[in-house]
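Quick caveat, the model's predicted, so the values are computed rather than measured.
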Amino acid sequence: MDNCIFCKIAAKQTPSTIVYEDDDLLAFKDINPAAPVHLLVIPKIHLDTLSSAKAEHEALLGKILGLAPKLAAEHGCAPVLQADGKYTGGYKTLINTGTDGGQEVYHLHLHVIGGPQPWRGQS
Ligand code: 5GP
Ligand code: ZN
């Protein structure tokens, strides 16, 4: 898509801070982070919203979601089960879809948001 900022990032025509890349996915730092760790995971193909994903995209969606815990762990946000049975750490995963879903960039992306509190739990 010519006018899509995330397609341009995927094509390396627009710079970003890339934290992961494979044949299908790219992950990079959000330009306006809502938390100490704020990453975006995108498919390299252009899909405008989650609602445009079809059965043929299920494996891709699985890859996107499966990458989130790996990135979170690499960036120090993995949840940790303490000896007292309570958890510390962790992160949010978020896909905004459509206008009422708060989507601003119409190229499917998963937010991975975490890091040491306090921060406002929003995207
Ligand atoms: P949405 O509201 O669509 O779920 O989130 C879009 C996200 O993309 C926002 O958090 C915004 O800060 C981020 N963003 C928008 N343009 C750019 C850009 O050019 N580079 C990077 N790294 N992030 C962007
Ligand atoms: Zn795109």
Side-chain angles (χ1 to χ4, degrees):
M1 283 283 288
D2 289 348
N3 274 340
C4 173
I5 183 65
F6 286 179
C7 279
K8 287 180 180 164
I9 286 174
K12 316 279 174 63
Q13 292 165 358
T14 295
S16 69
T17 304
I18 294 169
V19 297
Y20 177 85
E21 180 172 17
D22 66 24
D23 287 347
D24 301 315
L25 306 181
L26 192 75
F28 52 95
K29 293 187 178 182
D30 195 292
I31 204 167
N32 185 23
V37 175
H38 190 165
L39 309 174
L40 301 172
V41 182
I42 65 168
K44 286 187 171 176
I45 62 164
H46 181 86
L47 276 173
D48 58 356
T49 77
L50 181 62
S51 288
S52 293
K54 299 184 168 47
E56 70 204 58
H57 300 119
E58 280 179 4
L60 186 62
L61 294 177
K63 274 192 81 170
I64 291 170
L65 197 58
L67 182 58
K70 294 174 188 158
L71 292 176
E74 284 172 16
H75 290 80
C77 316
V80 178
L81 178 58
Q82 304 293 321
D84 62 4
K86 294 180 179 169
Y87 283 91
T88 58
Y91 55 94
K92 289 182 187 291
T93 47
L94 177 70
I95 298 176
N96 293 325
T97 302
T99 308
D100 288 349
Q103 186 172 2
E104 292 174 0
V105 176
Y106 278 79
H107 179 130
L108 174 63
H109 53 281
L110 175 71
H111 295 257
V112 180
I113 303 169
Q117 296 276 357
W119 50 273
R120 299 184 65 171
Q122 60 184 15
S123 71

Measure across [X] and [Y] and return the closest heavy-atom pair with its distance rounded to 0.1 Å.
X	Y	result
Asp2	Lys8	O-CE, 3.1 Å
Gly114	Ala35	O-CB, 3.5 Å
Ile64	Val41	CG2-CG1, 3.9 Å
Leu26	Ala10	CD2-CA, 3.8 Å
Leu61	Ala53	CD1-CB, 3.9 Å

Residues 97-108, side-chain donor-acceptor partners within the protein, below 3.5 Å, at least two apart:
unit_1	atom_1	unit_2	atom_2	d
Gln103	OE1	Gly98	N	2.8
Gln103	NE2	Asp48	O	2.9
Gln103	NE2	Val105	O	2.9
Tyr106	OH	Thr99	N	3.2
His107	ND1	His46	ND1	3.4
His107	NE2	Pro43	O	2.8
His107	NE2	Ile45	O	3.4

Quiz item: Ile113 versus Trp119: any side-chain heavy-atom pair under 4.5 Å?
Solution: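 Yes, at least one pair of side-chain atoms sits under 4.5 Å.
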Quiz prompt | Side-chain touch Ile42/Phe28, heavy atoms, less than 4.5 angstrom | solution =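 Touching, per the 4.5 Å side-chain cut-off.
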Spacing of [X] atom [atom1] and [Y] atom [atom2] [to the nearest 0.5 Å]:
X	Y	atom1	atom2	value
Met1	Asn3	CE	CG	7.0 Å
Leu47	His109	CG	NE2	12.5 Å
Leu40	Phe6	CG	CZ	5.0 Å
Ile9	Thr17	CD1	OG1	9.5 Å
Leu94	Leu110	CG	CG	7.5 Å

Practice problem: Quickly, which of His111, Lys92, Lys29 forms a side-chain hydrogen bond (donor to acceptor under 3.5 Å, both in side chains) with His38? Name it, please. | Solution: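 Checked His111, Lys92, Lys29 against His38; only one passes side-chain hydrogen bond (donor to acceptor under 3.5 Å, both in side chains): His111.
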Self-check item: Other residues, nucleotides, ligands: >12 heavy atoms within 6.0 Å of Lys44 NZ
Solution: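 Atom NZ in Lys44 is packed in, count exceeds 12.
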Self-check item: Within 6.0 Å of CG in Asp22, more than 12 heavy atoms from elsewhere
Solution: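 Counting neighbours around CG of Asp22, more than 12 heavy atoms of other residues, nucleotides or ligands fall under 6.0 Å, so yes.
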List the atom pairs, donor and acceptor, that lie under 3.5 Å between side-chain atoms in residues 65-80 and the rest of the protein, sequence neighbours left out.
unit_1	atom_1	unit_2	atom_2	d
His75	ND1	Leu71	O	2.9

Practice problem: Applying ring-ring contact (aromatic ring centres under 6.0 Å, His included), name anything that partners His57, two or more places apart in sequence or on another chain. | Solution: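 Residues passing ring-ring contact (aromatic ring centres under 6.0 Å, His included) with His57: none at all.
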Quiz prompt | Hydrophobic cluster identity match, Val112 and Leu60, side-chain contacts under 4.5 Å | solution =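 Linked, Val112 and Leu60 end up in one cluster.
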